[in-house]
S.K.: 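Have a look at the structure that comes next, please.
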Amino acid sequence: MKPKRFSPILILVSTIVIVSMITRTVLIFHPTTDLKGSYSSLLGVYGLGLLYDLCMASFAIVPFVLYLWFYNDTVYKKPYIYILVGVITGLISIMLFTDIIPSDFNKGIFYGFVGYVILRLAIYLFLWKKDEAFRLKWRKWVLIVDFFIVCWLLVFNGVSEWFFWNEFGTRYNFIAVDYLIYTNEVVGNIQESYPLPVIITIVTLVSSGIFWLIRKPLIQSVEAHSPVLKRSLVAVSLLITPLLSYYMVNSGWRLFSSNTFANELAGNGVYQFGEAFQNNQLDYNKFYKRLSDKEAFTILRKELSAPNAKFVSDDVFNIERDVTHDKPEVKKNIVLISVESLSADFLGTFGNTKNITPNLDSLAKHSLLFGNLYASGTRTVRGLEALSMGIAPTPGQSTVKRPDNHNMFTIGSVLRSKGYKTQYVYGGYSYFDNMKEFFSGNGYEVIDRSAIPADKVHYENIWGVADEDLFTLAMEVLDKNSKEGKPFFTQVMTVSNHRPYTYPDGRIDIPSSKQTRDGGVKYTDYAIGKFIREASQKPWFNNTIFVIVADHCASSAGKTDLPVNKYHIPCLIYAPGFIQPKVENRLMAQIDIAPTLLGLLNLNYRSKFFGKDLYQTTVGEEHAFISTYQSLGLIENDTLSVLSPVKRSEQYIPNFKDGSKLQKVTNDQHLKETVAFYQCASWMLANKKYNAL
């Protein structure tokens with residue numbers, strides 16, 4: 001039979017489908033799987049499964065289609081050799097010596113791509129000096145190596161799906177995406193939990209067997225000759241399939257059964273991994289303990305009740321409250337500085353003896369300092385969500401990075417209703433972490449490093465400009481705001497206290513070349529102190545409240561899944577003559593900052609906040625939320641309740657100094673309150689009930 005140029009594509013698709021079907025069948029007989037009489041729906045499991053397998057395959061074939069399309073011997077003949085070398089050399093020069101293709105987004109990826117192009121050019125020149133017989137052997141080996149790698153990955157993925165199913169009873173979801181974020185912990189866990197060398201050996205043997213079965217038609221395809229027009233038509237047709245898959249295949253089609261296992265089996269693990277990565281969330285109702293929605297909201301309304309907050313409706317699912325104050329409203333300007341990775345234990349105020357925060361320690365003495373405050377999560381986007389939206393963290397990714405996150409209820413929407421101008425100022429490029437999309441979509445004016453002329457930048461790294469340059473930009477923004485004559489709320493997000501911890505020399509006594517965390521902290525402290533001193537000379541200073549708060553701690557690893565000491569952050573509110581200096585040691589959540597701040601200004605507004613005004617909260621009823629992408633915790637009365645997949649929970653008294661577990665406890669009411677907060681937050685976001693009023 002005459003070999004076909006694109007026969008490897010058919011082989012690849014067939015291999016993917018067969019391995020996927022075997023994986024699906026094995027999972028059906030997994031001890032965890034309970035189809036509960038749903039064997040009649042196996043047609044749907046395999047039929048829809050085939051659809052998703054083909055969809056995944058349409059993306060997997062792309063690099064092979066491109067390779068089979070373009071390889072030929074004509075490109076090694078004159079004048080094509082000179083044209084191609086010229087084009088590739090020009091492309092490399094453009095990438096290296098111009099800013100047409102910016103390298104700032106990720107220099108590793110940028111230079112990796114440049115290196116790949118250079119390598120391809122070197123291989124091309126190497127093959128140019130060889131005869132056609134050598135080039136034919138080269139192509140065969142390239143195809144052999146690439147296909148073996150694909151076979152190995154397919155088998156390894158099947159084994160991985162078994163272990164994932166064994167633990168979670170589901171195909172890949174955002175938990176699997178989370179594993180990419182916490183690589184260290186995950187790899188360590190896998191090494192300790194499974195016989196990795198044995199697994200890799202078996203995977204290698206099985207994938208070798210699969211490759212042995214497909215090797216002949218695969219190798220023969222390299223010898224096939226195909227006219228340029230014919231192979232171009234075939235290639236273009238094949239490259240259209242992933243586009244059709246993306247726009248036409250509905251991820252919800254697999255949800256055809258009332259049996260969750262049947263729905264999961266109908267999917268494809270790799271396809272669902274991509275879907276989870278795009279959607280950035282876990283389904284709370286599927287993976288976590290829950291109450292009836294009515295009971296959950298009944299508990300939530302009770303928890304959110306306050307002397308000055310009256311619910312606007314008797315509807316149990318409506319948490320809107322009219323917040324009122326007896327005193328007149330005070331419309332002061334607000335500058336909220338969210339500081340990158342500032343753990344409370346960096347400050348001398350909390351016992352640090354290194355003197356790396358002299359400016360913050362000095363400000364703390366003249367501020368309202370919240371000494372028992374806990375961050376919602378472990379990343380900047382979770383801190384931004386807490387500070388702006390005042391909502392309990394939900395499993396998966398922060399709302400900041402999710403789709404459909406425009407027109408949300410935020411402190412910005414409240415202040416705009418009071419005539420404020422709202423802004424978000426960032427030292428990096430605001431496309432990072434979806435900041436620009438989120439804040440601009442919620443009514444903020446977004447200003448980032450692109451607003452700073454190059455000659456005014458003292459220092460920059462991958463994350464952005466040095467914090468002093470950020471604050472110079474912020475000062476210009478605030479001066480302009482003042483001239484407009486309306487109150488403003490400006491949130492400023494720092495970047496310098498982040499690896500690689502580099503900054504301009506000569507500012508602090510720790511050289512930038514050391515690249516230490518202490519240096520990063522001390523430089524940010526220097527920049528904040530300089531900014532406050534300069535602001536104190538401005539005409540708008542006396543009418544402005546400064547809020548300085550961390551987005552999250554410097555690290556989240558600890559003795560438990562949710563080490564409470566790794567969530568302890570500082571927050572101080574500085575407004576001489578308006579805010580009386582005081583240390584407030586009542587328990588407080590990061591989501592409480594927005595309503596507490598509005599309360600200090602006596603603003604009357606309609607609220608959806610899950611956070612509470614600390615000074616309208618009964619002593620003993622304070623709480624704090626801490627979370628990872630999977631684990632959801634609530635601290636109240638020295639008890640920590642933790643919810644985690646799959647519908648697991650635990651309660652214990654934590655050691656607030658080192659994060660360890662002091663004593664396991666059982667408190668059903670506290671557990672119900674924990675479920676209510678997280679379940680209702682997830683429900684409101686899913687049902688678009690947390691939109692601006």
S.K.: Could you tell me whether a side-chain N or O of T628 sits under 3.5 Å from a main-chain N or O of S631, the two making a donor and an acceptor?
M.R.: yes

S.K.: Could you report the tightest heavy-atom contact between N355 and K522, atom names first, then the distance?
M.R.: O-NZ, 3.3 Å

S.K.: Okay, side chain of N434, backbone of V400: is any donor-acceptor separation there less than 3.5 Å?
M.R.: yes

S.K.: In terms of relative ring orientation, are F370 and Y615 parallel, tilted or perpendicular, with 30° and 60° separating the classes?
M.R.: tilted

S.K.: Counting distance only, does the side-chain N/O of K331 pair as donor-acceptor with the main-chain N or O of Y420 below 3.5 Å?
M.R.: no

S.K.: Any side-chain donor paired with an acceptor under 3.5 Å for T524 and D467?
M.R.: yes

S.K.: What's the separation between atom CG in L562 and atom CG in L632, rounded to the nearest 0.5 Å?
M.R.: 8.0 Å

S.K.: Rounded to the nearest 0.5 Å, how far apart are CD1 of I548 and CG of L360?
M.R.: 5.5 Å

S.K.: Where do Y523 and A466 come nearest, in terms of heavy atoms and distance?
M.R.: OH-CB, 3.3 Å

S.K.: Would you check if the side chain of Y567 reaches a backbone N or O of S627 as a donor-acceptor pair within less than 3.5 Å?
M.R.: yes

S.K.: Flag the pair T596 / I573 as yes when at least one side-chain heavy-atom distance between them is below 4.5 Å, and no otherwise.
M.R.: no

S.K.: Scan side-chain atoms only and decide if D518 and T516 contain a donor-acceptor pair under the 3.5 Å cut-off.
M.R.: no

S.K.: Is K647 atom NZ crowded by more than 12 heavy atoms from other residues, nucleotides or ligands, each under 6.0 Å away?
M.R.: yes

S.K.: So, for D592 and G611, which heavy atoms are closest and what is the spacing to 0.1 Å?
M.R.: OD1-CA, 3.2 Å

S.K.: Flag the pair K436 and D448 as a salt bridge only when some basic side-chain nitrogen lies within less than 4.0 angstrom of an acidic carboxylate oxygen.
M.R.: no

S.K.: Could you pull out the closest heavy-atom pair between N318 and S313, with the gap in Å?
M.R.: ND2-CB, 3.7 Å

S.K.: Do NZ/NE/NH1/NH2 and the carboxylate oxygens of E534 and K538 come within less than 4.0 Å?
M.R.: no

S.K.: Is the closest side-chain heavy-atom distance between R301 and F311 below 4.5 Å?
M.R.: yes

S.K.: So how far is it from R379 CZ to K401 NZ, rounded to the nearest 0.5 Å?
M.R.: 5.0 Å

S.K.: Using the ring of each side chain (for Trp, its six-membered ring), is F609 parallel, tilted or perpendicular to Y605, with breaks at 30° and 60°?
M.R.: perpendicular

S.K.: Output the distance between atom CG (L368) and atom SG (C571), rounded to the nearest 0.5 Å.
M.R.: 8.0 Å

S.K.: Between D361 and T349, do the side chains contain an N or O donor and an N or O acceptor separated by less than 3.5 Å?
M.R.: yes

S.K.: Got a sec: does the CG of D668 have more than 12 other heavy atoms crowding it under 6.0 Å?
M.R.: no

S.K.: So do V492 and F531 actually touch side chain to side chain, heavy atoms under 4.5 Å?
M.R.: no

S.K.: Are N333 and L478 packed together at the side-chain level, in the sense that at least one heavy-atom pair is separated by less than 4.5 angstrom?
M.R.: no

S.K.: Evaluate the criterion side chain to side chain contact (heavy atoms under 4.5 Å, CB included) for residue pair V323 and L598; output intermediate values, then yes/no.
M.R.: CA-CA 10 Å; V323 177; L598 296 176; over 6 Å; no

S.K.: Donor-acceptor check, side chain of N604 to backbone of H325, threshold 3.5 angstrom: yes or no?
M.R.: yes

S.K.: Quick one: does K608's side chain have a donor or acceptor within less than 3.5 Å of a partner on K689's backbone?
M.R.: yes

S.K.: Side chains of R402 and T394: is there a donor and an acceptor less than 3.5 Å apart?
M.R.: yes

S.K.: Using only atom types and a distance under 3.5 Å, with no angle test, would you say the side chain of Y574 pairs donor to acceptor with the backbone of I579?
M.R.: no

S.K.: Taking the six-membered ring for Trp, are F546 and F541 ring centroids under 6.0 Å apart?
M.R.: yes

S.K.: So, do I356 and D525 sit near enough that their side-chain heavy atoms are less than 4.5 Å apart?
M.R.: no

S.K.: Starting at NE2 of H552, measure out to OG1 of T378 and round the result to the nearest 0.5 Å.
M.R.: 7.5 Å

S.K.: Side chain to side chain contact (heavy atoms under 4.5 Å, CB included), that's the test. Do V549 and L387 meet it? Break it down for me.
M.R.: CA-CA 9 Å; V549 60; L387 293 170; 3.9 Å; yes

S.K.: Is the distance between the ring centroids of F677 and F625 under 6.0 Å?
M.R.: yes

S.K.: For residues F409 and S607, report the shortest heavy-atom separation together with the two atoms involved.
M.R.: CZ-CA, 3.7 Å

S.K.: Does L363 reach the side chain of L369, with side-chain heavy atoms less than 4.5 Å apart?
M.R.: no

S.K.: Dump the intermediate steps for side-chain hydrogen bond (donor to acceptor under 3.5 Å, both in side chains) on T399 and N405, then the final yes or no.
M.R.: CA-CA 6 Å; T399 309; N405 61 5; over 6 Å; no

S.K.: Tell me whether Y284 contacts the main-chain N or O of K289 through its side chain, where contact means a donor paired with an acceptor under 3.5 Å.
M.R.: yes

S.K.: Is a donor from one side chain sitting under 3.5 angstrom from an acceptor on the other, for T422 and R416?
M.R.: yes

S.K.: Does a side chain donor of either N497 or S341 reach within less than 3.5 Å of an acceptor in the other side chain?
M.R.: no

S.K.: Quick one: pull up CD1 in I391 and CG in L685 and give me the separation to the nearest 0.5 Å.
M.R.: 4.0 Å

S.K.: Is the closest side-chain heavy-atom distance between H670 and T674 below 4.5 Å?
M.R.: yes

S.K.: Check this for me: does any side-chain nitrogen of one of K661 and E650 sit under 4.0 Å from a carboxylate oxygen of the other?
M.R.: yes

S.K.: Do K332 and F578 form a cation-pi contact, if we require the NZ or CZ to be under 6.0 Å from the six-membered ring centre and within 45 degrees of the ring's axis?
M.R.: yes

S.K.: Salt bridge or not between E295 and K672? Use side-chain N to carboxylate O under 4.0 Å.
M.R.: yes

S.K.: Are N637 and N667 close enough, and set up right, to give a side chain to side chain contact (heavy atoms under 4.5 Å, CB included), and what steps lead you there?
M.R.: CA-CA 11 Å; N637 294 324; N667 187 325; over 6 Å; no

S.K.: Under the side chain to side chain contact (heavy atoms under 4.5 Å, CB included) rule, what do E437 and H406 come out as? Steps first, then yes or no, please.
M.R.: CA-CA 8 Å; E437 182 72 14; H406 290 188; 2.9 Å; yes

S.K.: Given 3.5 Å as the limit, does a donor-acceptor pair link the side chain of S362 with the main chain of N359, or not?
M.R.: no

S.K.: Between E340 and S496, do the side chains contain an N or O donor and an N or O acceptor separated by less than 3.5 Å?
M.R.: no

S.K.: Considering all heavy atoms of both residues, which atom of A386 and which atom of Q590 are nearest to each other, and what is their separation?
M.R.: CB-OE1, 3.6 Å

S.K.: Is there a donor-acceptor contact under 3.5 Å from the side chain of E385 to the main chain of P393?
M.R.: no

S.K.: Report yes if some heavy atom in the side chain of Y503 is under 4.5 Å from a heavy atom in the side chain of Y526; otherwise report no.
M.R.: no

S.K.: Just one of F439, F488, Y444 clears the ring pair (Phe, Tyr, Trp, His ring centres under 6.0 Å) bar with Y424, so which one?
M.R.: F439

S.K.: With no hydrogens and no angle check, do the side chains of E622 and T617 hold a donor and an acceptor under 3.5 Å apart?
M.R.: no

